[in-house]
Amino acid sequence: MPSSWIEIDLAALRHNCREAARRLGERTAIVGVVKSDAYGHGMVPVSRELVACGAKFLAVSKYWEARELRSAGIGAPIIVLLGLEREDVEDALLEEVRPVIFRIDHARMISETALGLGRRAMAHVKVDTGMGRLGVPWEDLPRFLDETSTLPGLEIEGVISHFAVADEADKAYCHDQVRCFESVLEAFRERGIPVPYAHISNSAGVLDLPHAHFQLVRPGIMLYGSQPSSELLQPGDLRPVMTFKSRILQLKSMSAGRPVGYGRTYVTPGLSKVATIPVGYDDGYSRKLSNRGVVLVRGHRAPVVGRVSMSMITVDVTRIPDVQPDDEVVLLGSQGGERITAEEIADLCDTISYEIYCNFGKNRHKFFMGGVEGI
Ligand SMILES: Cc1ncc(COP(=O)(O)O)c(C=O)c1O
């Protein structure tokens, strides 16, 4: 038995995928965003489940992630959000992986390689409608299309953009971005370039911006059971997918005035029971949780006392009855009637749930439960 492990509830993942689908009209399909190991949830099993649940496309950041999906036998169309490196283009095209394009030189290089293979690359053009990160700035689109739309090895399968503030309550800027995106699509129409798939919505767009669904939506975080933020106007009915567990490695009675951990930042205020748990910042449990984090033991909340070290934390269990060595400890998830959410941990670490999932998900021991049999 590992000293700490992650449990992934695939039934909850399916529930969340259905919750996304429920928000969509008939002409809109889901791109399951499974980059960064499906936000730490395990890219291959999660992708299998999402495809079985009806996701039409998958999206990853980098080509090697797409290759891993293909090696696992997943045949669904995959969009590579950061585009392709020169050395990967040939393999990617043979595997029918879809590059996102945003640079004229990339578009030319992909077209040439595709022609050499006797194929056409199915590309998604990324347009920056106001995020200011990746994509052709919308003002530069005419020149981009002049240079790329007649490239013989390229077929435009999609046009993609990304929201900057869809998770905030004030949607004014999102509406500006949608208007800009619509004018971008109009520019394609005027040039007679068909766009089978337009997509701009992330989870917040799926939930709060029904007029921005177009032909595809790209939910990530909602599939994993978290609201994109606490400001959503129409939050989803979502179930957490990830649980992070460990066991008590040692249980100690300590008299008053005894220091706990590096730096002696905590000193027992009275006769105390302190449990040592074999989880530390190497397992993604941030050092910012020193003297701030909370775990669950026997269905009760137990505070982290002292500093989080590389592979251990110490928690105060003085007030919890019957605690024993080897008792299960929940660092994320529920036990008894209590729950610790990724949002609660993220608040303590001054970050967002996304980062908590990615960090915990690096744990090498991952167990998948509730999968659909036979896939
Ligand atoms: C381009 C792109 N689309 C979609 C998503 C999914 O966003 P979310 O997890 O907020 O649904 C991301 C995530 O960062 C992204 O970078």
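Ligands are counted one by one from 1 in listed order, and the atoms in each one are counted from 1 as well. Just so it is clear, the model here is predicted, and its values are computed rather than measured. Values reported hereafter were calculated over all heavy atoms of this structure, with side chains retained and with hydrogens, waters and symmetry mates removed.
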Inset, instruction - Check which hydrophobic residues are tied to Tyr173 through side-chain heavy-atom contacts below 4.5 Å, counting indirect links as well, and list them. - result: Val165
Inset, instruction - Identify, chain by chain and in numerical order, each protein residue with a heavy atom under 4.0 Å from an atom of ligand 1. - result: Val33, Lys35, Tyr39, Lys126, Arg133, His162, Asn202, Ser203, Arg218, Pro219, Gly220, Ile221, Tyr354
For residues 150-157, run the donor-acceptor check on the side chains, cut-off 3.5 Å, and write out each pair with its distance to 0.1 Å, sequence neighbours left out.
| residue | atom | partner | partner atom | Å |
| --- | --- | --- | --- | --- |
| Glu157 | OE1 | Arg98 | NE | 3.0 |
| Glu157 | OE1 | His124 | NE2 | 2.7 |
| Glu157 | OE2 | Arg98 | NH2 | 3.2 |

Legend entry - Ring centre gap for Phe244 and Tyr285 strictly below 6.0 Å: no
Inset, instruction - Output, in order, the C-alpha distance, side-chain angles, deciding distance and verdict of ring pair (Phe, Tyr, Trp, His ring centres under 6.0 Å) for Tyr224 and His41. - result: CA-CA 8 Å; Tyr224 308 114; His41 290 68; 4.5 Å; yes
Legend entry - Lys273 and Asp316 ion-paired at < 4.0 Å: no
Inset, instruction - Would you mind listing every salt bridge (Lys or Arg N to Asp or Glu O under 4.0 Å) that reaches into residues 347-371, with sequence neighbours excluded? - result: Asp37-Lys366
